[in-house]
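The structure appears right after this line, and notes come after that.
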Amino acid sequence: MTSQPLLQIEQISKSFPGVQALRNVSFAVNIGEVHALVGENGAGKSTLMKILAGVHQPDQGQLIWQGEHLHLHSPADAQRHGIRIIYQEFNLLPDLTVAENILLNREPRTRFGFIDWKQMNSRTAELLAQLEIAISPEAIVRSLTVAQQQIVEIVKALAGDVKLLIMDEPTAALNPTEVKHLFTAIRRLMSQGTTIIFISHRLDEVLEISQSVTVLKDGQFVASQPTNGLTKEEIVRQMVGRSLEDIFPPRLRANADQPLLEIRGLTTPMLRDVSFKLYPGEVLGFAGLEGHGQREVARSLFGLEPLRGGEFLVDGKHINMRDPRAAIDAGIVFISDDRKLEGLALTLGVRENVALPSLGRFSRYGLVRKPDEHKVVAEKVTSIGVKTPSIEQAVRLLSGGNQQKTVLAKWLIKNPRILIFAEPTRGIDIGAKVEIYRLIHELASAGAGIIMVSSELLELLGMSSRIIVMRNGQVQSELAGADATEERIMLDATGS
Ligand SMILES: Nc1ncnc2c1ncn2[C@@H]1O[C@H](COP(=O)(O)OP(=O)(O)OP(=O)(O)O)[C@@H](O)[C@H]1O
Ligand SMILES: [Mg+2]
């Protein structure tokens, strides 16, 4: 027996100025399932979800909700039907409490019309307890971890009567333990009959949590199928039209014996006596469990951490690494994992973002020479393959992968010799990943030294010439060649 789907998406198309985000997309979502939606950056996943959430109206096509036509004119409309979305960039108010966020605009009132704080906290505590979550309703959201904030988002969505919960990349900022908690919460929701659309670039997660997988590519429907029997390789093939073996370029080795960069005894509040060398032509990977100092190593090399001790030598010469300026002057650039915070000015255009750190180069007598700037930026943006209708496009309108490439463009026009990548492919799809890997490979082949901090073991193993494993802020081991295996890294990282 086939029961009626909860939702049928039929022939949906949607254009934005200069981009056709969706073209004739059709598939069905069954009641009570976790339905994964996957596809490369810019495939149209978020756009489709915003249509389901009443944020965008489709240009063409229709939605059938429990057998009937559904017309959504606003987010409030969608909410009335029991459709809730948790956005990629979530929207909590950091200075309010957990309870205030969860019951925003639905605050229980006393009979005099004032907010009933007691009710508010006890109602929130009830909701949290349903999901067996130990967060205080009175905690200020700002003080919570990202994972806890994510849970608050879910509880907030559940405070209404939710039939369909859409989660757009809920795990992007979570560590494996936090992902486990999130999945427990999702399974509990499912058992209560809630249907979930789950967007993630991590295919292991998709295979673990979903019952169905739909693949989009370039705004078009590729396939919709049961998860059971599906492999990661097959999903990748559907997403990018190429197989897993073609993802990593050949492994590189140092191509000179004088180190480009030498670090001696680096010590910060987080790091203790970290020493290593980086040679031209190699990718030096840093592995470790979340919070064991890898991130701080990367940031220290760009003058972003308070130093307690240590020496930095570039080409054998001492550098006083007091701030990013000193790092940039020494030919070091940092491609941060936090594109929003450290990388990009989202409201500015691609051109302005890419030119920002190089303004000196484009100015004469204090005036920016626009034609020069335009030319250099346009060339870099094209050679890196940033997909944008124009270099004047506001960066916030680009997909995650294209934002990451914009960050790269901005640093590459400085011709750096040492590039530090922190989680270079976090939250971006496999197609954009392959392009970033190819760029890293090209840079190293041309003699740059690359440092790569990543929590994705596959990526570290696929890309690194050598891997340093960090534990408790110290170097635990250095692995290369046959020693560098997933198992060995995990053993060293956990100290077992
Ligand atoms: N408000 C908007 N204005 C203009 N273009 C947009 C807007 N929203 C999305 N786009 C464009 O539509 C296309 C689809 O974007 P969308 O955000 O849906 O992709 P996605 O699959 O969610 O990608 P990602 O995995 O990077 O989040 C992209 O080319 C994007 O730049
Ligand atoms: Mg998206």
Side-chain angles (χ1 to χ4, degrees), residues 9 12-25 27 35-61 75 85-91 150 153 166-173 197-203 205-206 213-224 235-236 238-241 337-340 343-344 346-350 353 381 384-408 423-436:
I9 293 163
I12 294 279
S13 296
K14 175 75 185 173
S15 294
F16 296 110
V19 205
Q20 175 135 28
L22 295 168
R23 198 187 302 259
N24 286 330
V25 172
F27 64 94
H35 194 114
L37 183 61
V38 300
E40 297 190 76
N41 287 124
K45 304 178 298 290
S46 296
T47 303
L48 183 60
M49 294 306 105
K50 284 177 187 164
I51 288 174
L52 299 185
V55 175
H56 293 319
Q57 271 67 52
D59 300 338
Q60 273 170 37
I85 183 165
I86 299 177
Y87 290 105
Q88 212 163 344
E89 279 80 31
F90 34 95
N91 287 317
Q150 180 74 50
E153 277 278 6
I166 299 166
M167 304 172 105
D168 197 345
E169 296 193 38
T171 59
I197 297 183
F198 177 85
I199 299 181
S200 174
H201 287 289
R202 302 188 191 161
L203 300 183
E205 291 176 356
V206 165
V213 181
T214 292
V215 181
L216 295 183
K217 181 173 191 293
D218 300 328
Q220 285 175 283
F221 171 86
V222 176
S224 195
I235 302 178
V236 171
Q238 293 178 358
M239 280 167 56
V240 291
D337 56 336
D338 193 342
R339 302 194 282 272
K340 303 269 138 60
L344 291 173
L346 288 179
T347 51
L348 296 184
V350 173
N353 270 285
V381 161
I384 290 182
V386 181
K387 289 197 196 88
T388 174
S390 115
I391 63 171
E392 304 303 331
Q393 182 88 330
V395 161
R396 80 188 150 78
L397 297 179
L398 301 184
S399 71
N402 284 308
Q403 290 181 359
Q404 181 69 329
K405 286 190 208 158
T406 304
V407 174
L408 250 173
E423 306 290 349
T425 63
R426 177 171 278 176
I428 72 175
D429 69 86
I430 214 118
K433 276 185 187 179
V434 170
E435 289 177 49
I436 302 239

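Indexing begins at 1, ligand by ligand and atom by atom, following the structure's order. Computed from heavy atoms alone, side chains included, the values below leave out hydrogens, waters and symmetry copies.
A donor-acceptor pair is defined here as one N or O able to donate and one able to accept, closer than 3.5 Å; such a pair exists between the side chain of Ser13 and the backbone of Asn24. Panel note: side chain Lys45, backbone Gly39; a donor-acceptor pair is recorded below 3.5 Å. A donor-acceptor distance shorter than 3.5 angstrom exists from the side chain of Gln403 to the backbone of Leu398, with no hydrogens or angles considered. Between the Lys387 side chain and the Asn402 main chain, no donor and acceptor come within less than 3.5 Å of each other.
Here's the thing with Gly42: one of its N/O atoms is less than 3.5 angstrom from an N/O atom of ligand 1. In terms of polar-atom proximity, defined here as any N/O pair under 3.5 Å, Gly44 does make such a contact with ligand 1. Residue Gly400 has at least one nitrogen or oxygen atom sitting less than 3.5 Å from a nitrogen or oxygen atom of ligand 1, judged on distance alone. Between Gly401 and ligand 1, a contact under 3.5 Å exists for no N or O pair. For a threshold of 3.5 Å applied to N or O pairs, the pair formed by Ala43 and ligand 1 contains at least one separation below that value. When only interatomic distances are considered, the shortest N/O to N/O separation between Ser46 and ligand 1 falls below 3.5 Å.
Two residues are said to be in side-chain contact when any heavy atoms from C-beta on lie closer than 4.5 Å; Ile9 and Phe221 fail this criterion. Taking the side chain as every heavy atom from C-beta outward, Ser399 and Glu40 never approach each other to under 4.5 Å. Between Gln404 and Val407, the closest side-chain pair of non-hydrogen atoms falls below 4.5 Å.
Contact atoms of ligand 1 toward His201: 25 (O) (distance under 4.0 Å to a heavy atom of the residue). Proximity to Val19 (heavy-atom distance under 4.0 Å) selects the following atoms of ligand 1: 29 (O). Taking every heavy atom of Thr47 and a limit of under 4.0 angstrom, the matching atoms of ligand 1 come to 9 (C), 14 (C), 15 (O), 16 (P), 18 (O).
Of the heavy atoms in Glu169, only side-chain atoms (C-beta onward) come closer than 4.0 Å to ligand 1.
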Counting only pairs under 3.5 Å, give me each side-chain donor-acceptor contact of residues 52-59, with atom names and distances, residues two or more places apart or in other chains.
from: Gln57; atom 1: NE2; to: Leu72; atom 2: O; distance (Å): 2.8
from: Asp59; atom 1: OD2; to: Ser15; atom 2: N; distance (Å): 2.7

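Ser200 and Glu205 are linked by a side-chain donor-acceptor pair at a separation below 3.5 angstrom, with hydrogens and angles left out of the test.
Put simply, Ser46 gets within reach of the Mg ion (ligand 2), with an N, O or S atom under 2.8 Å from it.
Using a 4.0 Å cutoff on heavy atoms, His56 does not count as a contact of ligand 1. At least one heavy atom of Glu40 sits less than 4.0 Å from an atom of ligand 1.
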